[in-house]
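To find a chain, count down the sequence lines: A is the first, B the second, and so on, and within it residues start at 1. The model shown is predicted, which means the values in this text are computed figures rather than measured ones.
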Amino acid sequence: MKGRGGMLLGHSYYPVNIIVCVKQVPSTETTPRPRPEPPFIDTGGLTWVVNPFDEYAIEEAIRIKERRGRGEITVVSFGPTLAREVLLGALAMGADKALHILGETHLGIDSYAIAFLLAQAIKGRPFDIILCGKEAVDDQNGAVGIELAELLNIPHVPVITKLEIDATGMATAHRQIEGGTEILECPLPALFTCQKGLNLPRYPSLPGIMRAKKKPYEIVSATDLSPQKISKSEVRVSVKDLSFLPSRKAGRKLQASAAEMVEELMKFLHEETKII
Amino acid sequence: MGEILVFLEQREGQLKQSSFEAMGAGRRLAEKVGSTSGGLNAILIGNNIKNLAETVSRYGAQKVLLADHPSLQKYNNRLYTHILAREAQKRETIAVLFSATAMGRDIAPRLAARLGGPLLTECISLNIADGFLEATRLVYAGRLVATVKSTVSKFQVATLRPNVFPTVLVGAGFQPAPGFTPAHTKVEMLDVSALPTEPFAVLKDVIYTMGTGRGAPTPDIAEARVVVAGGRGMGG
């Protein structure tokens with residue numbers, strides 16, 4: 001399996017059904033103002049976008065389907081009515097169906113509660129591959145995808161930069177670790193979380209955007225999936241406070257002759273920072 | 001009875017430095033929890049790594065739980081999760097700590113979901129009060145800091161951002177954790193003869209481009225204690 005486009009999977013079985021989990025997040029170009037209560041940020045004036053790492057997941061699903069020649073991509077999101085925009089965006093890129101788990105989400109809904117909702121929504125639907133972003137840029141947890149894999153009792157490989165699927169349904173994934181890359185083989189069905197470098201997400205085409213509005217769009221209510229689990233008592237991590245980072249202390253500039261500066265720097269490193 | 005359990009990461013027989021930062025944080029938690037708890041234990045998983053278990057005593061663990069088996073030669077997130085979950089359940093662990101490395105970030109969520117416990121990721125500070133973990137962590141692209149608190153006092157799982165928590169060696173200025181004597185760090189062999197056969201991802205190879213890994217041409221900057229840089233200030 002080399003390169004893209006020319007690859008053949010013949011008449012193999014895998015993969016047929018791909019599920020992509022996406023999240024709507026505030027654009028990182030704006031810094032939200034913290035608030036003491038849910039949703040913990042001042043949402044006014046924020047630009048909402050699809051989580052950048054989820055775009056790699058959407059793109060990868062489309063490429064797998066293109067190489068395979070057939071298959072079905074379902075894109076799933078948990079979020080308020082506004083999250084429709086990211087689902088429509090994924091449909092415009094090339095996903096086939098959308099599943100919108102309608103409910104308010106914010107920092108106070110922890111990763112387990114979200115993974116639980118996704119698992120409830122996905123259970124009973126056919127899937128061979130589940131793709132997620134490696135983390136959301138708002139809560140920066142990097143946990144929902146992996147927790148979802150555990151709840152669905154399937155293997156997972158996180159933070160992938162390359163994914164190949166052979167005719168027998170075996171995936172080979174490259175995973176980024178400190179100072180290198182792991183190469184793993186993983187049987188399907190499995191879940192992968194996607195890292196920058198996996199692919200270059202496409203822009204939706206105009207016909208794609210037009211078609212998106214006609215594609216199947218299913219809405220389920222979060223409270224129907226999980227009336228108890230989403231309640232306050234079942235969220236296992238609560239937010240006590242959210243604030244701006246304390247501003248950095250100003251640096252110190254040494255200005256003297258070279259010999260004096262060396263001496264002063266040595267003294268600083270030795271006595272104040274105790275580095276040496 | 002509960003304990004603080006710290007996951008010690010090793011690859012190819014080499015312990016990850018940041019695991020000792022997790023040990024330092026774990027010891028502080030164990031001291032807070034006090035002598036009614038099971039104290040601070042470490043867990044080490046791999047093959048032929050008994051010698052590593054002995055070096056850990058310098059970091060203040062009462063026990064090192066050692067899962068040493070040929071089938072654990074290569075890192076495997078599902079088998080590791082299985083072993084960790086089994087021990088945590090058996091020992092009614094208060095908290096399991098990981099360094100937020102590629103490996104820690106991989107296993108911690110899986111373990112938390114299996115135990116049904118709270119998960120606090122990428123902590124930059126960590127505390128415990130009445131058995132509940134409280135941490136600060138960066139959110140919104142690192143521009144805001146959130147203080148989060150666990151609402152369940154059992155099976156809490158936390159990952160600690162590397163290079164934030166200090167390591168604390170046994171030696172000068174060392175305050176032993178309650179009931180702890182350095183010389184008495186015990187190695188407890190875990191029974192890993194019957195591991196599950198559930199489908200999992202199999203590690204085939206690792207290609208190192210930097211760091212201390214096999215064949216790596218350059219050192220890993222993230223592991224450095226001191227980084228020296230030269231240049232001119234940009235003003236401001």
Side-chain angles (χ1 to χ4, degrees), chain A residues 26 28 31-32 34 40-41 107 110-112 115 137-151 153-159 171-187 190 232-233 235-246 251 253 275-276, chain B residues 11 16 75 77-78 81 101-103 105-114 116-122 134 136-152 156 198-213 216 218-220 222-223 225-226 233:
Chain A
T28 54
T31 301
F40 299 104
I41 53 164
L107 277 188
D110 72 354
S111 57
Y112 182 85
V137 296
D138 55 358
D139 60 34
Q140 295 184 262
N141 256 321
V144 169
I146 299 172
E147 287 181 295
L148 175 61
E150 173 63 24
L151 294 176
N153 196 23
I154 56 169
H156 80 273
V157 182
V159 198
T172 303
H174 286 207
R175 167 182 183 246
Q176 212 175 55
I177 61 163
E178 296 85 6
T181 305
E182 281 184 355
I183 299 163
L184 300 111
E185 273 184 12
C186 187
K232 224 173 174 180
S233 63
V235 169
R236 284 144 198 204
V237 179
S238 65
V239 179
K240 281 185 71 185
D241 181 54
L242 185 67
S243 52
F244 287 112
L245 272 186
K253 197 168 180 178
I275 285 175
I276 52 173
Chain B
R11 278 184 194 264
K16 196 90 177 171
Y75 169 60
N77 57 18
R78 276 199 113 170
T81 303
T101 58
M103 198 185 281
R105 288 185 198 134
D106 184 11
I107 319 166
R110 190 123 207 164
L111 178 66
R114 181 160 309 180
L119 173 68
L120 298 89
T121 62
E122 305 275 330
E134 188 174 306
T136 53
R137 49 188 313 276
L138 299 180
V139 292
Y140 293 102
R143 282 182 284 199
L144 298 180
V145 55
T147 307
V148 292
K149 193 174 175 180
S150 159
T151 57
V152 186
Q156 302 168 91
E198 57 197 4
F200 46 65
V202 177
L203 182 59
K204 304 305 276 188
D205 199 7
V206 185
I207 302 159
Y208 290 103
T209 49
M210 60 173 176
T212 48
T218 57
D220 182 4
E223 287 262 304
R225 193 169 66 89
V226 181

Undergrad: Could you tell me which portion of A:Ala143 (side chain, backbone, both or neither) has an atom closer than 4.5 angstrom to a non-hydrogen atom of chain B?
TA: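 Backbone plus side chain of A:Ala143, per the 4.5 Å heavy-atom cut-off to chain B.
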
Undergrad: Going by heavy atoms in the side chains, are B:Tyr140 and A:Leu107 under 4.5 Å from each other?
TA: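 The answer is yes; the side chains approach within 4.5 Å.
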
Undergrad: Does A:Glu185 reach the main-chain N or O of B:Lys204 with its side chain, forming a donor-acceptor pair under 3.5 Å?
TA: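 Side chain of A:Glu185 to backbone of B:Lys204, a donor-acceptor pair under 3.5 Å: no, none is there.
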
Undergrad: Look at A:Gly142, A:Pro32, A:Pro26, A:Ala190 and state which one has the largest set of heavy-atom pairs under 4.5 Å with chain B.
TA: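 Ranked by contacts with chain B, first place is A:Pro32.
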
Undergrad: What option among A:Thr31, A:Leu148, A:Val144 has the most heavy-atom pairs under 4.5 Å with chain B?
TA: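 Top count of heavy-atom pairs under 4.5 Å with chain B: A:Thr31.
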
Undergrad: Please tell me if the side chains of B:Glu134 and A:Lys240 come closer than 4.5 Å, counting only heavy atoms from C-beta onward.
TA: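 They are in side-chain contact.
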
Undergrad: Between A:Asn153, A:Val157, A:Val137, A:Leu151, which has the largest tally of heavy atom pairs under 4.5 Å with chain B?
TA: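 Among the listed options, the one with the most contacts to chain B is A:Asn153.
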
Undergrad: What's the spacing between A:Leu242 CG and B:Thr136 OG1 if we round to 0.5 Å?
TA: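 Reported value, rounded in 0.5 Å steps: 12.0 Å.
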
Undergrad: Indicate the atoms forming the closest heavy-atom contact of A:Ser111 with B:Leu119, along with that distance.
TA: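 Nearest heavy atoms, A:Ser111 then B:Leu119: OG-CD2, 4.0 Å.
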
Undergrad: Contact part of A:His156 toward chain B, heavy-atom cut-off under 4.5 Å: side chain, backbone, both or neither?
TA: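 The answer is both parts of A:His156.
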
Undergrad: In terms of heavy-atom proximity below 4.5 Å to chain A, should B:Gln156 be classed as side chain, backbone, both, or neither?
TA: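 When you check distances to chain A, no heavy atom of B:Gln156 falls under 4.5 Å.
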
Undergrad: In terms of heavy-atom pairs under 4.5 Å with chain B, which of A:Gly180, A:Ala171, A:Pro155 leads?
TA: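 Most heavy-atom pairs under 4.5 Å with chain B: A:Pro155.
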
Undergrad: What are the two closest non-hydrogen atoms of A:Ile41 and B:Leu144, and how far apart are they?
TA: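 Scanning both residues completely, I find the closest heavy atoms to be CG2-CD1, 4.4 Å.
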
Undergrad: Where on B:Leu138 is there a heavy atom nearer than 4.5 Å to chain A: the side chain, the backbone, both, or neither?
TA: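 Backbone plus side chain of B:Leu138, per the 4.5 Å heavy-atom cut-off to chain A.
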
Undergrad: Check B:Val139 against A:Asp138 and note the closest heavy-atom contact, atom names and distance.
TA: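 Nearest heavy atoms, B:Val139 then A:Asp138: CB-O, 3.2 Å.
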
Undergrad: Contact part of B:Asn77 toward chain A, heavy-atom cut-off under 4.5 Å: side chain, backbone, both or neither?
TA: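 Just its side chain gets close to chain A.
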
Undergrad: Between A:Glu178 and B:Arg11, is the closest basic N to carboxylate O distance under 4.0 Å?
TA: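 Salt bridge: no.
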
Undergrad: Using side-chain heavy atoms (C-beta onward) and a distance below 4.5 Å, is A:Val159 in contact with B:Arg105?
TA: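 A side-chain contact under 4.5 Å is absent here.
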
Undergrad: I want to check something: taking the side chain as every heavy atom from C-beta on, are B:Ile207 and A:Ile183 in contact at a cut-off of under 4.5 Å?
TA: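 In short, these two side chains touch, coming nearer than 4.5 Å.
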
Undergrad: Can you tell me if B:Arg137 uses its side chain to pair, donor with acceptor, with the backbone of A:Asp139 under 3.5 Å?
TA: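 The answer is yes, because a donor-acceptor pair under 3.5 Å joins these two groups.
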
Undergrad: Specify the closest pair of heavy atoms between B:Ala113 and A:Glu150, including all atoms of both residues, with the distance to one decimal.
TA: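 For B:Ala113 versus A:Glu150, the nearest heavy atoms are CB-CG, 3.6 Å.
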
Undergrad: Most heavy-atom pairs under 4.5 angstrom with chain B, which of A:Cys186, A:Ser243, A:Pro246?
TA: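 Top count of heavy-atom pairs under 4.5 Å with chain B: A:Ser243.
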
Undergrad: Contact part of A:Ser238 toward chain B, heavy-atom cut-off under 4.5 Å: side chain, backbone, both or neither?
TA: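 When you check distances to chain B, atoms from both the backbone and side chain of A:Ser238 fall under 4.5 Å.
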
Undergrad: Below 4.5 Å, heavy-atom pairs only: which of A:Ala173, A:Pro34, A:Ala149, A:Gly251 has the largest tally toward chain B?
TA: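 Highest number of pairs under 4.5 Å: A:Ala149.
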
Undergrad: Among the options B:Glu122, B:Met103, B:Glu198, B:Arg114, pick out the one with the most heavy-atom pairs lying under 4.5 Å from chain A.
TA: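 Greatest number of close heavy-atom pairs with chain A: B:Arg114.
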
Undergrad: Sort out for me which of B:Thr81, B:Thr147, B:Thr101, B:Leu111 touches chain A most, counting heavy-atom pairs under 4.5 Å.
TA: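 Highest number of pairs under 4.5 Å: B:Thr147.
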
Undergrad: Indicate yes or no for a side-chain donor-acceptor contact from B:Thr151 to the backbone of A:Arg236 under 3.5 Å, with no hydrogens or angles considered.
TA: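 Pair found, side chain donor or acceptor close to backbone of A:Arg236.
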
